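Values reported hereafter were calculated over all heavy atoms of this structure, with side chains retained and with hydrogens, waters and symmetry mates removed. Here is how names work: the chains are called A, B, and so on, in the same order as the sequence lines, proteins then strands, and each is numbered from 1. All values reported here derive from a predicted model rather than from experimental measurement.
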Amino acid sequence: MLDKRYSPKDVEQGKYETWKEKGYFTAGDKSKNPFSMVIPPPNVTGKLHLGHAWNTTIQDIIARYKKMQGYDVLWLPGMDHAGIATQAKVMAKLVSMGIDVTKISREEFLKYAWAWKHEYAENIHNQWAKMGLMLDYSRERFTLDEGLNLAVRKVFVDLYNKGLIYQGERIISWDPVQQTALSNIEVIHQDDEGYMYYFKYHVVDSDDYLEVATTRPETMFGDTCVCVNPNDERYLKYHHCKVINPANGEIIPIIPDEYVDIAFGTGAMKCTPAHDPNDFNIGKKYGLEMPTIFNKDASMNEKCGKYVGMDRFECREALLKDIESRGDFIKKEKIIHAVGHSQRNNCVVEPMLSKQWFVKMKPLAEEAIKNQQGKDRVNFIPQRFENTFLQWMNNIEDWCISRQLWWGHRIPAYYHKVTGEVVVSENPPKDIENYVQDNDVLDTWFSSGLWPFSTLGWPEKTEDLERYFPTSCLVTAYDIIFFWVSRMIFQSLNITDRKPFSDVVIHGLVRDELGRKMSKSLGNGVDPIDVIDKYGVDALRYFLTTNSTPGQDMRYIEEKVASGANYLNKIWNSARYVLSVVPEGFKEVKLSKDNLSVLDKWLLTRLNLTIKNVTANMEKYDFNAASSHLYNFVYDDFCSQYLEMSKVKLYGDDASKNVTVTVLLKALKSIILLIYPYTPFIAEELYLNLPNHLESVMLESYPKVEKEFIFKDGLEEIELLFDMIRDVRNYKITNQLAPNAKLGLTISLKIKVSNDFATLLNRFTFSEFEVKDDLSTLSGDLFTYNYGSMIISSGVSKEEARDKLEKEIAFEKSEIKRSEGMLNNPNFLAKAPKEKVETEKAKLKLHQDNLKELEEKLKKI
RNA sequence: GGACACUUAGUUCAGCGGGAGAACGCUUCCUUCACACGGAAGAGGUCACAAGUUCGAUCCUUGUAGUGUCCACCA
């Protein structure tokens with residue numbers, strides 16, 4: 001016997017461990033068709049948040065649903081080493097332990113980093129278990145596993161040999177805090193307040209000067225020319241002149257170039273080739289020197305005279321003062337401009353000329369774009385995110401993949417100590433003593449991009465790779481399309497010649513109640529574990545997957561979690577009731593149209609339509625829509641109507657009692673199986689209380705639509721019955737009568753009804769009733785329906801009765817007017833679909849009949 | 001400067017070319033044998049605005065306004 005109240009803690013107790021031990025999570029049943037997903041590997045940097053909970057629950061629903069449908073489901077878990085993020089955290093920890101990180105060796109650091117990894121992996125495992133995720137732990141991977149290292153090296157070498165990876169001196173975004181290069185998308189452009197500073201660049205051998213503006217005066221130490229537009233009449237006479245750099249007194253040329261926008265600023269632009277991508281192009285074009293002026297921590301280097309060693313922003317202020325004292329400072333204007341910040345630590349990044357490794361993106365992007373036009377395309381859900389992807393691919397720049405870190409895949413490039421010859425190879429050169437390996441590691445996303453096939457054993461031709469790749473589906477949030485999804489697509493296409501996954505399901509971000517992003521600085525984050533402790537993991541899972549439409553963001557609202565928990569309690573109690581009415585030694589009856597009552601037929605029809613709708617939406621990954629179909633069935637059809645009405649059979653001495661119990665059990669089992677992917681714990685608990693259950697709900701198959709139990713005709717009396725009962729109840733409330741007050745009812749029927757109709761109407765109105773063909777001679781409140789009408793005789797005053805009738809008459813008239821308006825429109829008759837016209841005609845007739853009846857009635861008051 | 005979303009009940013959100021839906025909240029009533037974490041019955045919306053397409057627009061198109069997000073090297 002189930003407890004009176006659903007207690008999540010008791011229900012969840014021990015189930016996950018059992019499932020895991022029984023091996024239900026392990027893929028490999030070759031008799032079935034494969035269905036595979038890889039988890040987006042969480043970073044080993046911290047706790048999982050609600051976003052992870054959302055992301056993994058969606059995947060778990062898919063996995064459990066597909067498993068029930070008879071697939072051999074592989075959901076492969078794993079974690080990401082998260083280069084910069086982890087290294088930063090480990091370093092911070094070492095500092096807090098009092099360790100001098102400037103003296104630490106690479107090897108020592110890695111030892112600490114691995115210890116950190118093991119600790120956080122443990123946390124993540126605990127949270128996965130808490131969420132109830134159906135992960136195949138026998139295949140778990142980590143991005144720094146030996147197998148994955150091999151894959152990374154092989155891909156690097158392959159791309160290098162294909163000419164798709166090169167080493168070059170280019171302007172990259174430099175993170176002076178982490179002291180590493182970043183890729184473009186690791187830089188976040190924020191609109192910051194700043195100043196535009198105007199300086200005098202004196203023309204050599206002249207009293208003239210050019211007015212030159214900049215937002216970063218400290219970079220003036222790297223200026224190698226001033227550019228003007230060749231068509232700018234203001235500067236024509238200076239084309240072959242030189243100017244004096246007010247920062248360091250150096251003499252630099254004026255170079256006319258079309259790049260300069262005449263209309264912008266003063267039309268004269270200072271050019272700093274080593275610290276600005278556009279200036280770099282100009283510098284290359286004219287063969288200019290490209291002096292770098294910053295140290296790795298963005299302090300000023302020896303090129304900056306007396307400012308050497310000074311922080312870049314301090315230098316800016318000091319330099320300004322000095323130039324001003326020389327009279328070469330003109331003015332500054334407050335401006336809002338986009339400034340690049342590091343995604344990881346929010347510091348202002350510095351564009352710097354630097355030798356790094358790059359992936360040549362054009363050919364890879366073209367391949368990916370082309371693939372989206374073919375039949376082997378990756379299916380984005382919702383589809384609009386394909387645009388996001390394609391737009392990025394179409395405008396992509398080369399990808400800087402080297403990072404000046406220790407935690408990551410070390411670049412497999414070796415430099416000859418004497419000749420400087422570069423060897424790029426999966427394994428070190430034989431005479432390694434003559435070589436030194438590149439110190440840098442690869443961008444974290446380089447290895448993540450290989451995740452769907454590297455985790456399955458690539459480059460080995462493993463059975464898993466053969467069977468599960470390409471994967472069926474990938475689930476991720478839209479903020480990671482560029483970082484990860486697109487990189488998996490182009491890497492996979494280039495390296496394996498196959499797409500990485502067939503479907504990519506994109507969801508949104510979790511926000512707080514006010515719609516703000518959850519963040520540490522706002523302190524508005526919600527720990528999934530706290531929610532689970534309060535409401536249970538099933539309620540959290542249900543909330544996360546039923547409160548947004550695909551691709552949309554979602555607000556975390558605690559009341560909604562509570563409301564989900566109430567729903568589960570409702571299911572729990574309906575199950576408790578159904579199980580309580582199953583007699584000792586009960587045997588299911590074989591159901592057929594001959595032994596079912598009209599009410600049974602109605603319920604089974606509703607059930608099958610529900611299964612149909614739920615399944616259709618599950619297939620579309622629309623879990624919100626799917627669940628709401630089930631929700632309506634549970635509350636309205638099953639609990640409010642059938643469950644209550646079937647008591648007439650169960651508490652009476654009806655011969656059809658076993659049919660009713662069979663129907664109840666059938667509906668209950670279907671509900672349990674349909675809700676199971678969302679809320680596996682409560683589903684398992686209830687399932688194991690059903691008669692004739694298997695060892696676990698995890699071994700069950702998904703409910704199928706049974707067409708023979710969808711009845712198209714003969715259910716009108718149920719509709720009529722519900723309408724009449726509702727009106728009687730409403731009548732009692734508005735007339736302040738007790739719910740069980742006995743009323744005099746007279747009804748007329750346009751259809752034939754079963755015996756149950758009388759029983760149920762009687763029981764649920766607490767009233768006797770009489771059937772008559774003509775109600776027009778009777779006094780009382782008249783109610784008209786599609787298939788009949790009803791009079792409640794009562795002590796209501798004539799005025800009230802007349803008011804009510806007039807209201808109804810007005811309603812019927814407006815309906816008639818609407819119908820006639822449509823039907824008198826020749827265009828409607830000619831152009832609207834036939835069925836529409838027919839339904840409209842039928843409606844008109846119905847309302848005309850109702851009107852007639854009401855008017856007759858009104859006359860007699 | 002581009003791109004993509006969003007604007008529907010008090011609030012959070014669904015939905016749809018042919019009579020506006022849910023949850024929470026609100027009102028009235030009910031502890032009768034699954035559930036008061038409940039039941040019954042209600043109130044509450046010019047579906048942002050404007051034009052167009054259509055027999056018919058909350059829905060499609062275009063424009064406007066507002067909100068949000070992403071992309072973009074303008075000194």
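- Rounded to whole angstrom, the span from the NZ atom of Lys732(A) across to the C1' atom of rG39(B) amounts to 15 Å.
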Q | Dot-bracket encoding of pairs in RNA chain B, which uses [ ] for pseudoknotted crossings and | for another strand, Watson-Crick or G-U under 3.5 angstrom | A | (((((((..((((....[..)))).(((((.......))))).....(((((..]....))))))))))))....
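- Put simply, CD on Gln736(A) is 16 Å from P on rG42(B), counting in whole angstrom units.
- Residue Glu644(A) places a side-chain atom within donor-acceptor reach of the base of rA34(B), judged by atom type and a 3.5 Å distance cut-off alone.
- Comparing rA40(B), rC73(B), rC13(B) against the side chain of Asn278(A) picks out rC73(B) as the nearest.
- Between Phe543(A) and Arg555(A), the closest heavy-atom pair is CZ-O, 3.4 Å.
- Contact check, Lys647(A) against rA34(B): a side-chain N or O comes under 4.0 Å of OP1 or OP2.
- Distance noted for atom P between rG42(B) and rC60(B): 32 Å (whole Å).
- When the side-chain nitrogen and oxygen atoms of Arg216(A) are compared with OP1 and OP2 of rA75(B), none of them lie within a distance under 4.0 Å.
- Of the candidate nucleotides rG2(B), rC35(B), rC24(B), rC24(B) has the atom nearest to the side chain of Glu559(A).
- Tyr631(A) does not carry Lys570(A) over the face of its six-membered ring by the limits of under 6.0 Å from the centre and within 45° of the normal.
- Taking 4.0 angstrom as the limit, Asn387(A) places none of its side-chain polar atoms (N or O) nearer than this to OP1 or OP2 of rA3(B).
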